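Predicted, not measured: the structure shown is a model, and the values here were computed from it.
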Amino acid sequence: MRINILAIESSCDETAAAVIQNGKLLNNIIASQSVHAAFGGVVPELASRAHEKKIVTVVNDALTSAGIRVNELDAVAFTRGPGLIGSLLVGTSFAKGLALAQGIPLIEVNHMQAHVMAHFIPDRKPRLPFLCLTVSGGHTQLVLMRDMLKFELLGQTRDDAAGEAFDKGAKLLGLPYPGGPLIDKLAAEGDPGRFRFPHTSMPGYDYSFSGIKTSLLYMLKDGVAKSPDFVEHNLKDLCAGYQHRILSMLMEKLKKAAEDYNITTIGLAGGVAANSGLREMLQHEAKLCGWEIFIPDFGYCTDNAGMIAITAHYKFLEGSFSDLSAVPVASLGPDLAFSS
Ligand code: KG4
Ligand code: ZN
């Protein structure tokens with residue numbers, strides 16, 4: 001028997017759909033929303049409206065390119081949270097309508113667990129226990145996965161996410177949104193030792209990235225007061241120092257968790273996993289510590305429906321289905337569970 005699942009992701013600013021058949025991803029369709037660029041960040045109301053406009057086309061594209069008719073689906077999966085409520089509501093309502101019309105089960109997926117599960121899309125899958133650092137514009141989490149679909153949140157950011165720190169720092173430096181990739185590029189040509197930023201150490205495996213942004217703000221104010229061209233003349237070194245500090249804080253807790261829990265199978269997920277400096281640091285550490293490392297292709301690191309689909313596949317095998325009363329949830333509880 002073939003198991004065909006349609007998965008929908010709409011938690012933030014990507015409208016995405018994917019079809020998975022017997023655990024093999026057939027496609028990964030994403031429509032990004034360019035409307036937010038002018039505002040320097042995602043505008044929730046605009047995101048919901050854009051999802052409404054795009055969702056039918058995106059789902060149709062996923063079904064058509066998979067060569068699967070809607071009546072051949074065995075289940076429909078959707079991101080229940082965390083995310084922007086208005087955005088989540090579009091995907092949730094669409095999935096519920098489809099499940100009801102087709103008489104097929106509904107599968108709710110936790111977006112943060114799906115980021116970790118993205119590692120199970122390729123043929124080369126991590127062995128368990130698996131430690132994953134998920135670093136995106138909205139989240140920074142260290143998650144331990146001991147068994148399939150069993151996630152333990154070891155630590156997370158107490159304020160800004162790592163990607164947010166990149167983007168806010170980039171904004172202070174006059175770079176366009178999202179600034180993470182630009183800082184990455186400029187940092188590669190800069191000296192990370194010229195400008196030093198504070199290392200904030202939180203208890204346990206938690207992170208904090210708000211202090212580094214404030215210290216950049218004051219550094220720029222001082223610098224510009226002395227020389228109006230300060231940013232322009234020092235941009236690469238500023239990016240290198242700023243990035244280096246974010247990455248060293250990320251790596252510190254990752255290493256600590258790996259040592260404390262004696263884990264050697266390590267992964268990166270989320271948009272910041274694209275950062276070349278972070279990849280280098282991880283590879284360096286892998287050599288030193290004997291880690292086997294996993295970084296999904298970029299399309300599976302950023303928000304996508306493929307990761308929702310793979311999670312839904314394993315939930316389908318477990319018989320873990322939702323009913324029509326499932327409502328979107330903006331944030332998660334301390335154990336990564338939906339908080340309502
Ligand atoms: O996972 P993602 O696509 O969306 C969220 O769920 O947030 O992550 C987007 C984040 C943005 O903050 C972006 O600046 C950051 O990932 N990002 C990077 C790089 N590529 C994307 N940050 C640093 N270096 C990069 N190369
Ligand atoms: Zn995400």
Side-chain angles (χ1 to χ4, degrees), residues 5-12 14 16 18 20 23 25 28 75-84 87-88 91-92 95 105-122 125-157 161-163 205 254 257 261 263 265-273 294-296 299-322 326-340:
I5 303 173
L6 169 73
I8 295 167
E9 153 66 32
S10 70
S11 63
C12 190
E14 320 279 0
I20 193 162
L25 197 63
N28 191 28
V76 55
F78 65 100
T79 303
R80 186 173 167 206
L84 302 170
S87 291
L88 290 165
T92 305
L106 196 58
I107 302 176
E108 66 187 48
V109 173
N110 176 322
H111 180 90
M112 296 315 297
Q113 294 177 348
H115 269 302
V116 180
M117 289 300 293
H119 291 90
F120 293 83
I121 295 173
K125 301 182 198 312
R127 271 174 301 122
L128 303 178
F130 173 55
L131 180 64
C132 182
L133 173 63
T134 305
V135 268
S136 72
H139 298 274
T140 302
Q141 293 189 337
L142 258 178
V143 175
L144 176 59
M145 187 177 166
R146 294 183 199 266
D147 286 304
M148 192 47 85
L149 296 180
K150 301 277 181 294
F151 306 89
E152 198 177 321
L153 180 64
L154 300 184
Q156 61 185 331
T157 183
Y205 308 101
L254 177 62
Y261 287 85
I263 312 283
T265 313
I266 312 280
L268 277 186
V272 182
F294 292 81
I295 309 174
Y300 300 140
C301 275
T302 52
D303 288 351
N304 68 92
M307 68 186 195
I308 306 302
I310 191 77
T311 314
H313 169 76
Y314 286 101
K315 289 190 87 167
F316 187 100
L317 297 181
E318 264 195 357
S320 174
F321 301 114
S322 312
V327 289
V329 173
S331 55
L332 298 176
D335 54 354
L336 269 186
F338 292 120
S339 50
S340 64

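- F130 meets the ring-ring contact (aromatic ring centres under 6.0 Å, His included) test with H119; sequence neighbours excluded.
- Heavy atoms only, all atoms of each residue included: A18 and A305 are closest at N-CB, 3.5 Å.
- Closest approach of S10 to G91, counting heavy atoms only: OG-N, 3.2 Å.
- The CG atom of L254 lies 5.5 Å from the CG atom of L133; values are rounded to the nearest 0.5 Å.
- For the pair L88/T79, a side-chain contact is recorded, criterion being any heavy-atom separation below 4.5 Å from C-beta on.
- A side-chain hydrogen bond (donor to acceptor under 3.5 Å, both in side chains) check over residues 304-317, counting only residues at least two apart or in different chains, returns nothing.
- Annotation: the span from L336 atom CG to L154 atom CG amounts to 9.5 Å, rounded to 0.5 Å.
- In terms of heavy-atom proximity, V272 sits nearest to G163 at CG2-CA, 3.5 Å.
- L25 is listed as a side-chain neighbour of Y300, based on a closest heavy-atom distance under 4.5 Å.
- Checked against side-chain contact (heavy atoms from CB on, under 4.5 Å), A312 has the following partners two or more places apart in sequence or in another chain: I5, A77, I107, V109.
- You'll find the side chain of F78 reaches within 4.5 Å of the side chain of L106, heavy atoms only.
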Under 3.5 Å, which donor-acceptor pairs do the side chains of residues 135-153 form with other protein atoms, sequence neighbours left out?
residue: S136; atom: OG; partner: G138; partner atom: N; Å: 3.2
residue: S136; atom: OG; partner: H139; partner atom: N; Å: 3.1
residue: T140; atom: OG1; partner: A162; partner atom: N; Å: 2.7
residue: R146; atom: NE; partner: E152; partner atom: OE1; Å: 3.0
residue: R146; atom: NH2; partner: E152; partner atom: OE1; Å: 3.3

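- Interatomic distance, CE of M112 versus CE of M307, reported as 8.0 Å (0.5 Å rounding).
- Considering all non-hydrogen atoms of both residues, C301 and P296 come closest at SG-O, 3.4 Å.
- Applying the side-chain hydrogen bond (donor to acceptor under 3.5 Å, both in side chains) rule to pairs touching residues 106-117 yields E9-H111, S11-H111, R80-E108, E108-S322, H111-H115, H111-D303, H115-D303, sequence neighbours excluded.
- With respect to F294, the side chain to side chain contact (heavy atoms under 4.5 Å, CB included) criterion is satisfied by exactly one of T265, I266, L268: T265.
- The ring-ring contact (aromatic ring centres under 6.0 Å, His included) search around F321 returns F316, not counting sequence neighbours.
- How far CD1 of I20 is from CD1 of I310: 4.0 Å, rounded to the nearest 0.5 Å.
- The main-chain N or O of G306 is found under 3.5 Å from a side-chain atom of N28 such that the two form a donor-acceptor pair.
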